[in-house]
Each structure stands twice: as C-alpha cells, then as structure tokens.
Trainee: 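Mind having a look at this structure? Questions to follow.
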Amino acid sequence: MADPFYLTTAIHYPNGRPHLGHAYETVAADVLARFQRARGREVRFQTGTDEHGLKMAQKARELGLEPRALADEMSSHFRDLFDALGISYDRFFRTSEDAHHRASQALWQAMEAKGDLYLDRYEGWYSVRDEAYYDEAELTVGEGGEKLSPQGTPVEWTAEESWFFRLSRYQEPLLALFRDNPDWVQPDRSRNEVVRFLEGGLNDLSVSRTSFDWGVKVPGADDHVMYVWVDALTNYLTGIGYPDDTEMFEKFWPADLHLIGKDIVRFHAVYWPAFLLSAGLPLPKAVFAHGFLLNRGQKESKSLGNVTDPTALADRFGVDVLRYFLLREFSFGQDGTWSPEAIVSRANSELANSFGNLAQRVLSFIAKNCEGIVTASGEPSDADQALLAKVRNACQVELPGAFERLAFAAGLEAWMQAVFACNAYVDEQAPWALRKTDPARMQAVLHVLCDCIRQLAVAVAPVIPTASAKLLDAMTIPADQRDYNSLAAEAPETFRIDKPVPVFPRLDLEA
RNA sequence: GGGCCUGUAGCUCAGCGGUUAGAGCUGGCCGCUCAUAACGGCUAGGUCGCGGGUUCGAAUCCUGCCAGGCCUACCA
C-alpha cells in the first residue's frame, strides 16, 4: 500500500481576483504533489477558497451582490487559474459547502466538550462604518468633541457577546511542541516569530461574531457566526472527510505539510495546533511558510497599479515556463524579485537553449541519421560513465533530495548543471563526425545521451509536466516508466525516437 | 516603538569562522556546425549595505546605524 502524503495550500481569500502570489504558492504545492506521486506516494492535494468573513460580506455589499454570489464568482476565478496552470489538486475546497459547515460545527463541539469555549462580552469603542473595535488610545477627538476612529469615522461604546477560545491554556503545550520539534514550522524566521509570540503570553481568542451572518453558525447560538479563521483552518479536516468519513480521514490525517505564506504563520502555528489539541486531534507534521514575490522589487498593490494577473503571464510565456520560473528563480521561503525580462531570460537560456535544444539536437539527429533507432553499443568510455554518473546523481539524488526539503531552486540548479554537462559531452563526442568515422561509437554516444535526456525529463517533470511529457512521448518512453523508481532501473537497451519537435520556443519580450 | 528576517559581481542568487569570495545570466574573445542564430572553451566583472569590536584569521560572530520585508504594539 502506498505511503499516504497529504499536502495543502492555504485556502485563498477571494475578495479579489487571484494574483501572482496565489499562483506561486499553488504551483509550488503542485510541484511537490507531482513530485511525491512520482516517488510512489499516495498523494492527497487540497487547495481552495476561504469564503466567509466580514471582508467578503463588505465587498459583496459594495457590489450589490449576495455574499454567496460573490463567492461563487470569485472562487471560480481561482479554480480557472489553477486549472490553467495545470494544478493537479485532488480537491478544490470551498468553505461555503454544507459539508464544511457541519465539519466546522463538529470541531467547535469538540472544543466545547473540552471546556475551551465560553461566552463572554467583548466591549470597546466600535465604529459601525469600519465594523471594527478600537482602543481608547487610538481614537482622536473631532471638531464637535466627539470621538473618532483612526479613519475619522464615529465610534460608540459597544458591548457584544462573543464566544472565546481558551487559547491561554495552550501556551505551555505549544512551547513544548516547538522545543521538541523545532522544524515543525519552517523556515527558521517563521519559527522565531511564533516562539516569540508564545513567550509573550497568550490571551483567549474571540471566536464568534454577531455583527454579520456570512459564516458558519455557532452550534446552539444561531445569532453567532464563527470567526473566519476557525472555519478556514478546519478545511484541512473537512476536505478528507471529517467528521464522517473515518477511513479517508484516518488515512491522510495528520497532514504531512501545510504550505502557507509567511504572513499567516501565526494562524497555522498557534491557533491551529491549539484548536487541534483542544479537539483531541493529532497535529499536522509540518508547516512551511514561503516568501513573497516582488514586482521589480516592489510589492504589488492596487494603489501602485502594478497588480499582475497570473493567467496573463501564463498565456504570454507559457504554463511550463511560468512554473519553472517560479520555482527556479527564488529561494523558496525567502522573498524574491521578478520581472518579465527575468522570465524571458530564464526561459530562453535554461529551457530553450540548454535543455530544449539539447533534446532537439540529439533526438532530431537520431531521427534524421539513424532512422529513429539507437541501441547500446560497446563498452562505455570514461566520458560516458562520467556523464551518466553526473546525470544520475543530479536526477536521482540531488534534485529529489532538494525537493524533499522544498529547496526547489537548489534542486533545479543541480539539474541544470547536468544539462550543461550533456551539452559539453555532445560537443566533445561530436556524433556528426562519428557518423562517418565510427558508426558503432556514434550509436553508443547517442544511447548515452538518450538515457540522460530521459533521466532529465523524468526528474524535472513535476515542474514542467507538459513539456516533459512531450519529450518522453517523442522518445516513446511508456507512461509507466516515467517515475523516479524507473530512473534507478537499467536504461532501455533501445530508444525509438518519434518525430521530435522543439518543446520550448525561444521567447521575445514583445510577444 | 518592539521582535524576526533580508541586504554578496550590471541582474538573479549560493556561500554563513579558515587556502587567491562562487554559479548562472549579461558583456568580450576563440572554437564547432548536430541543434530552437542554439552549443562548447576561455575571459572580464565584487569597498561581501555602512561604522565599530571579538579573533592568529570574518562576507561568515558581537554591536551601532541605514534600506526593504513580515509579525506585533494601549508612542498625541
């Protein structure tokens, strides 16, 4: 039975259209999902949209829509984007689904049974216009002597009932978690942030609202809806059948990895484990917080007018190119800077000129000069062995090892070095010269190269699935011999090449 | 205001106490012609943000400052 691997992205908040950051996180997760499948794991990969909460309700009101109508529309943009990017999710999750409401209520009841939920009053200066509470010290005094919020809106002293979660109980258990398992949250930056927060002491958390109704109803208190993060985090459970489908749930929970952005570490590394401890459920095995992408060094924002539509980038440069760029250009976990020029440069130099052209120069040579068939011939030379060793090490050791640690750029760097070595080998061996002087040796050289290209295409397939598949199709590699296990096996004795065509066109910036 | 992180060649990054600081891209020179005017070889290019300090020795450790990011905060 395959080893289960449960992977999630954060579910995305659809109060606007998806931006490049959403694509980045989800592509990275997809690469990991494809990678683990190719390693033989039974993968469950979930992404989706987090649709409740005040901001969605406000946005819908602005647009004159019902929240559900807004959620339906916006969620579909996310789903369309992910489909366009070839995201191989097993489950596209929406928190507005009925099953999710039931699951969130079940989790709530588990926390309640533990004695961790209690009703209290939340009071303070409240601005109806902002729908937010402010501290006394934040307020200013208006011309007529009335109190105003920092936004200059009127405030009034308001007391509201709210359910509270006894977060304060979990300070020690959570600190113990980080002591015993320091890699539970990666990278270090994020763990530091969480530990500092925990050391500062925890207040109980307000986990229900009565000022709007777009959310999951609190069981037994219909005028309350759950704080949006309570139900959002629950998606990781609902999506694998909690609380009803115990078979799937027991297979995949606890999750192997929650992939998130660095801005929401606290919700995943403090609130979420506290909820789970309260409900008596096992904690996920790891949380990884990736960095942000900067557009020419600047944050993208509506006010700067530099928000990028990821679909447009994929249309302009190609899905595989965009996927490759996102994982190759940045150190996962750290922030990175991108630009259209950088995409074109990376795509042309590495995918078109180095890898794509390597495949094309070898495969088309075989198609033209060997009737498409290459067979192993003679004893491998030192150069043959050196090249094969390098390529195998990159494809079977370095890239997989790096991907396991989510060091995608490092893995692709090792892979690229192997591509360079192949191109150097082609030049040194010069099969076009051997064709006249030593056809048997030419066969041997081409066979070595085919084996290398096969290895390279399989290894990188999680990143550029479409191009890899085209290449492996042209090499008539059977579909069941395209995983990492098949790389460890002996190379095929004979390669048959069928109509090779370039898989990565060179890009123009103006295109 | 605090906490954490980042700042290394024109660009994107690696190195994180120890030989002359590395890679790729870009630029220059040479070679090749199988290939997507692609490939290979050679080469140019750096006050390692700035100032102190610790050390036989620091890009690497400590400290102050500057710039950017994330989190956070009852500074009119």
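Chain naming here is simple, since letters A, B, ... match the order of the sequence lines and numbering starts at 1 in each.
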Trainee: Determine the interatomic distance between C1' on B/rA59 and the same-named atom on B/rG22; round to the nearest Å.
Mentor: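 Between the two C1' atoms, the distance is 12 Å.
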Trainee: Would you call A/Asp183-A/Lys285 a salt bridge at under 4.0 Å N-O?
Mentor: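 Salt bridge: no.
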Trainee: Can you tell me if A/Asp498 and A/Thr476 form a side-chain donor-acceptor pair at under 3.5 Å?
Mentor: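 No, A/Thr476 and A/Asp498 have no side-chain donor paired with an acceptor closer than 3.5 Å.
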Trainee: Identify whether a stacking contact exists between A/Trp432 and B/rC34, where the ring centres must be under 5.5 Å apart and the planes under 30° apart.
Mentor: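 By the stated criterion, A/Trp432 and B/rC34 stack.
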Trainee: Which one, B/rC13, B/rC34, B/rA23, comes nearest to the side chain of A/Glu413?
Mentor: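 The answer is B/rA23, which lies nearest to the side chain.
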Trainee: With heavy atoms under 4.0 Å as the rule, sort A/Gln360 into base, sugar-phosphate or nothing.
Mentor: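 Answer is base: heavy atoms of A/Gln360 come under 4.0 Å of a base.
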Trainee: For the C1' atoms, the ones on B/rU43 and on B/rC34, what distance do you get once it is rounded to whole angstrom?
Mentor: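 Nearest-Å result for B/rU43 against B/rC34 at atom C1': 27 Å.
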Trainee: Mind calculating the distance between CD (A/Glu350) and P (B/rU26) to the nearest angstrom?
Mentor: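 So the CD-P distance, A/Glu350 to B/rU26, works out to 10 Å.
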Trainee: Closest to the A/Gln417 side chain: B/rA23, B/rG40, B/rC4?
Mentor: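 Of all the options, the side chain of A/Gln417 is nearest to B/rA23.
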Trainee: Quote, to the nearest angstrom, the P distance that separates B/rA35 from B/rC16.
Mentor: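 Taking atom P in both B/rA35 and B/rC16, they lie 44 Å apart.
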Trainee: Mind checking the C1' distance from B/rC39 to B/rG7? Whole angstroms is fine.
Mentor: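 Approximately 36 Å lies between the C1' atom of B/rC39 and that of B/rG7.
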Trainee: What residues, two or more places apart in sequence or in another chain, satisfy side-chain hydrogen bond (donor to acceptor under 3.5 Å, both in side chains) together with A/Gln417?
Mentor: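 So A/Gln417 forms a side-chain hydrogen bond (donor to acceptor under 3.5 Å, both in side chains) with A/Glu413.
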Trainee: Measuring only the C1' atom in each nucleotide, how far is B/rG18 from B/rU60? A whole number of Å is fine.
Mentor: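 Straight-line distance between the two C1' atoms is 11 Å.
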Trainee: What integer number of Å spans the P atoms of B/rC65 and B/rC4?
Mentor: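 One P to the other, the span is 13 Å.
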Trainee: Please work out if A/Val503 contacts a base, only the sugar-phosphate, or nothing of the nucleic acid, heavy-atom cut-off 4.0 Å.
Mentor: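 Result for A/Val503 = base.
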Trainee: What nucleotide, of B/rA35, B/rC39, B/rG24, holds the atom closest to the side chain of A/Asp427?
Mentor: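 Selected nucleotide: B/rC39.
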Trainee: Pick base, sugar-phosphate or nothing for A/Arg435, based on heavy-atom distances below 4.0 Å to the nucleic acid.
Mentor: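 Result for A/Arg435 = nothing.
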Trainee: Which nucleotide sits closest to the side chain of A/Asn353: B/rG3, B/rC39, B/rC71?
Mentor: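 From the listed options, B/rC39 comes nearest.
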Trainee: Specify the separation, in whole Å, of atom CG of A/Asn348 and atom P of B/rC39.
Mentor: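 Going from CG in A/Asn348 over to P in B/rC39 covers 10 Å.
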Trainee: Using only heavy-atom distances, determine whether the side chains of A/Asp204 and A/Ser168 contain a donor-acceptor pair under 3.5 Å.
Mentor: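 Checked: A/Asp204/A/Ser168 side chains pair up, N/O donor to acceptor below 3.5 Å.
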Trainee: Taking atom P in both B/rC32 and B/rG41, what distance in whole Å separates the two?
Mentor: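 Their P atoms lie roughly 15 Å apart.
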Trainee: Without decimals, in angstroms, what is the distance between A/Asp335 CG and B/rU12 P?
Mentor: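 In whole Å, B/rU12 P lies 13 Å from A/Asp335 CG.
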Trainee: Is it true that A/Glu193 and A/Arg266 make a salt bridge, defined as a side-chain N closer than 4.0 Å to a carboxylate O?
Mentor: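 Result for this pair is no, no salt bridge flagged.
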Trainee: From B/rC70, B/rC34, B/rU36, pick the nucleotide closest to the side chain of A/Phe292?
Mentor: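 Nucleotide nearest to A/Phe292's side chain: B/rC70.
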Trainee: Using atom C1' in both nucleotides, what's the gap between B/rC13 and B/rG17 to the nearest angstrom?
Mentor: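 The answer is 22 Å between these two C1' atoms.
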Trainee: A/Gln334 side chain: which of B/rC70, B/rC5, B/rA14 is closest?
Mentor: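 The closest nucleotide is B/rA14.
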Trainee: A/Asp427: what forms a side-chain hydrogen bond (donor to acceptor under 3.5 Å, both in side chains) with it, not counting sequence neighbours?
Mentor: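 Partners of A/Asp427 by the side-chain hydrogen bond (donor to acceptor under 3.5 Å, both in side chains) criterion, ordered by chain and then number, come out as A/Arg361.
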Trainee: I want to verify a distance call: between B/rU12, B/rC71, B/rC39, whose nearest atom is closest to the A/Glu329 side chain?
Mentor: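 Between B/rU12, B/rC71, B/rC39, the one nearest the side chain of A/Glu329 would be B/rU12.
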